[in-house]
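Dropping the structure in here first, questions after.
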Amino acid sequence: MVGGVLEEMRIRSLGVIDDAVVELSPGFTAVTGETGAGKTMVVTSLGLLLGGRADPALVRIGAEKAVVEGRISVPPGASAVRRAEEAGAELDDGALLISRTVSAEGRSRAHVGGRSVPVGLLAELADDLVAVHGQTDQQGLLKLSRQRQALDRYAGDAVVGPLARYTEAYRRLRAVAVDLDEIVTRARERAQEADRLRYGLDEIAGVEPRAGEDVELAEEAERLGHAEALASAATIAHAALAGNPEDPEGIDAATLVAGAQRALEAVRSHDPALSALADRIGEIGILFGDVAGELAGYADDLDADPLRLAAVEERRAALGALTRKYGDDIASVLAWAEESAARLTELDGDDERIGELTAERDTLRAELSLHAQALTDARTETAERFAAAVTAELASLAMPHARVSFDIRQTETTEEAAGIEVGGRTVAYGPSGADEVELLLAPHPGAPPRPIAKGASGGELSRVMLAVEVVFAGTDPVPTYLFDEVDAGVGGKAAVEIGRRLAKLAKSAQVVVVTHLPQVAAFADRQLLVEKTNDGSVTRSGVKVLEGEDRVRELSRMLAGQEDSETARAHAEELLATARADG
């Protein structure tokens, strides 16, 4: 058994289920019940636990929220355990506890190991823990992209390496193609941009601004505009400090300070404190002298030339014209000019750049073509083995003469930008290569292989999907498989063979099957019955394990719609005996 088992789920207020516990076990578990009883809610619940979309319509009418809780045992060291622990989750006796809550308003919450986590984490864990298959998966298998993904998954490392190299080359080619397309298609816009930049750079060059010049000129203009007031104030201040020669009787600050210093000098030797004050007054006298000298020089040097003021204002106007267009100040204007010059160099080099990009694109196309061919070769080789394995499985599913094959072809395109010319034709290249992979089925001898979307009935499609999953189980196993009515459209001997094959798969993994076919249910190691109460809900007692007589009665109901039909009972017992004999 591959490590990891879904042990149980508790479902509350989901669809028709009021409050029920689904206890599961290793091996093959069949979930049965009348139509509408709620057995599909088992699959829906597991889907929520695995990060599926939360639909508020699933919340039971009258309830505030639906809650699904699951307990999954996981082996130590499993990648799912590491990822959960990275998110802060803790294991409970080797099991991972997962819960999902969906409110009636549509809000969704997820918890793993007691920690609130993003719903996306549940989907990541699901990849390692459970494979879910239902009717939608069957329809998904009809898509060519899903068929290619299935082939690549089976190929494993044989495709992983070539695909990684192809993807990197494809990414680089797309980036180069986008740059080249932008340059070519926007040539006119880029020419107009270059003209605008060139005009702006010429205008700035004509003015020749210096960094900080606008600040310097603003200060000079302020000084020149108030030259007379500044000179008068400096003269008055100088006279107050040093005296006015025209008024010898006037008292000035320097004379007063000198008198104060002389008075203290006479007695300073008698008290250190007074001596310190005398020194400070001496410093004041020196400072007054210095300031008075600078005031005299300031008044003499002050330029009140109106012509200089006019020149300054004219220069400021020229700089202002630049700041209105290219920046808040001259520093911003110069930064714009530097950036624009670099951009203009880039734009003027378009022709050269186009040549470089074209050469790089052609080189990458050749490289991509080589990687694509290696990818095609790997897929072709794998397709033969994969088809043979699926064909062998179909023989075990009552399709002994069916043959599965793959058609791997390159799609042609008329758009040069979307493809690469190979051998005279333009092949379309996508993110996953140039291959279009299609699964073909010949259901019986003489029948031509046809795409399964056109040539397979519902029952045949169910068996093809099951065969594909069984093949995967041998190469890329997961601990638990859940199938929702994979037996749809199947009956009789084919149903028996499906049951037998699911039982075989259950020897290496946990298998849970929601089924309406007694032939399938009979092969289960354990059968769970989902049944409603009289009020139409499924309660805790509504999901129970069937054993002995109860199981025979349920199989009889599934066979004939009558639990007490003697013929149906005999058939049910025969099915169980056949299943036990195979086991």
Side-chain angles (χ1 to χ4, degrees), residues 1-12 14 21-26 42-55 58 65-103 106-133 137 140 146 149-150 152-157 159-161 163-165 167-168 171 431-432 469 472-482 508-512:
M1 170 76 68
V2 175
V5 171
L6 177 63
E7 297 179 350
E8 71 172 28
M9 286 193 302
R10 184 178 182 185
I11 309 167
R12 286 177 286 172
L14 186 73
V21 175
V22 180
E23 296 182 359
L24 301 168
S25 63
V42 174
V43 180
T44 302
S45 300
L46 186 56
L48 288 173
L49 285 182
L50 302 179
R53 187 177 68 87
D55 185 353
L58 295 173
K65 61 184 179 181
V67 180
V68 182
E69 299 168 314
R71 180 182 179 88
I72 303 177
S73 68
V74 285
S79 58
V81 173
R82 293 195 300 271
R83 185 66 186 90
E85 289 178 340
E86 288 172 1
E90 296 182 358
L91 295 183
D92 180 33
D93 291 335
L96 204 55
L97 303 181
I98 301 176
S99 70
R100 182 81 179 276
T101 302
V102 181
S103 72
R107 293 189 301 274
S108 175
R109 298 287 184 272
H111 289 79
V112 175
R115 280 297 186 94
S116 177
V117 299
V119 173
L121 176 62
L122 301 186
E124 292 181 30
L125 299 178
D127 290 339
D128 297 320
L129 297 175
V130 183
V132 181
H133 292 280
D137 297 274
R146 288 284 295 274
Q149 291 168 10
D152 289 353
R153 177 184 165 194
Y154 180 79
D157 292 342
V159 162
V160 168
L163 182 57
R165 291 186 288 273
T167 301
E168 173 60 20
R171 181 192 64 77
S432 300
E469 193 57 58
F472 281 151
T475 59
D476 184 21
V478 293
T480 298
Y481 294 89
L482 191 143
S508 60
Q510 182 185 33
V511 176
V512 181

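Atoms considered below: every heavy atom in the structure, side chains included; atoms not considered: hydrogens, waters and symmetry mates. For this chain, numbers begin at 1 and follow the sequence in order. All figures in this text were calculated on a predicted structure; none of them were measured in a lab.
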Quiz item: Step by step, would you call L46 with L6 a side chain to side chain contact (heavy atoms under 4.5 Å, CB included)?
Solution: CA-CA 10 Å; L46 186 56; L6 177 63; 3.9 Å; yes
Quiz item: Can you find a side-chain donor-acceptor pair between S116 and R109 that sits under 3.5 Å?
Solution: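 Result is no, nothing qualifies.
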Quiz item: Where is the tightest heavy-atom contact between A54 and L48, given as atom of each residue plus distance?
Solution: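 Of all heavy-atom pairs spanning A54 and L48, the closest is CA-CD2, 4.1 Å.
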Quiz item: Minimum heavy-atom separation for A84 to L96, with atom names?
Solution: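 Where A84 meets L96 most closely, the heavy atoms are CB-CD1, 3.9 Å.
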Self-check item: Pairwise distance CZ(R53) to CG(L58) - rounded to 0.5 angstrom
Solution: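 Separation between the atoms: 8.0 Å.
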Quiz prompt | CD (E8) with more than 12 external heavy atoms under 6.0 Å | solution =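 Yes, the 6.0 Å shell around CD holds more than 12 heavy atoms from other groups.
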Quiz prompt | Shortest non-hydrogen separation from V119 to S108 and the atoms involved | solution =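 Nearest pair, atom of V119 first, then S108: CG2-OG, 3.9 Å.
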Quiz item: Do any N or O atoms from the side chain of S73 and from the backbone of V5 form a donor-acceptor pair under 3.5 angstrom?
Solution: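 Yes: the side chain of S73 pairs with the backbone of V5.
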Self-check item: Which atom of A87 lies closest to which atom of V117, heavy atoms considered
Solution: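 Minimum heavy-atom separation between A87 and V117: CB-CG1, 4.1 Å.
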Quiz item: Would you call R83 and L121 a side-chain contact if the rule is heavy atoms closer than 4.5 Å?
Solution: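 In contact.
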Self-check item: G51 versus L122, closest heavy-atom pair with distance
Solution: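 Answer, listing the atom of G51 first, then L122: N-CB, 3.6 Å.
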Self-check item: Q510 vs L24, side chain to side chain contact (heavy atoms under 4.5 Å, CB included): CA-CA, chis, key distance, verdict
Solution: CA-CA 9 Å; Q510 182 185 33; L24 301 168; 3.9 Å; yes
Quiz item: Rounded to the nearest 0.5 Å, what separation is found between the OG atom of S45 and the CG atom of L14?
Solution: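 Interatomic distance, S45 OG to L14 CG, rounded to 0.5 Å: 4.5 Å.
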Practice problem: Indicate yes or no: does E69 engage R12 in a salt bridge with an N to O separation below 4.0 Å. | Solution: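 Yes, E69 and R12 are salt-bridged.
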Quiz item: Is there side-chain contact between V112 and L97, with heavy atoms separated by less than 4.5 Å?
Solution: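 Not touching, per the 4.5 Å side-chain cut-off.
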Quiz item: Could you state the interatomic distance from CZ (R165) to OG1 (T167), rounded to the nearest 0.5 Å?
Solution: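 Reported value, rounded in 0.5 Å steps: 10.5 Å.
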Quiz prompt | Minimum heavy-atom distance between R100 and L49, given as atom pair plus value | solution =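 Looking at all heavy atoms of both residues, the shortest contact is N-CD2, 4.2 Å.
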Self-check item: Salt bridge E7-R71, side-chain N to carboxylate O under 4.0 Å
Solution: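 Yes, charged N to carboxylate O under 4.0 Å.
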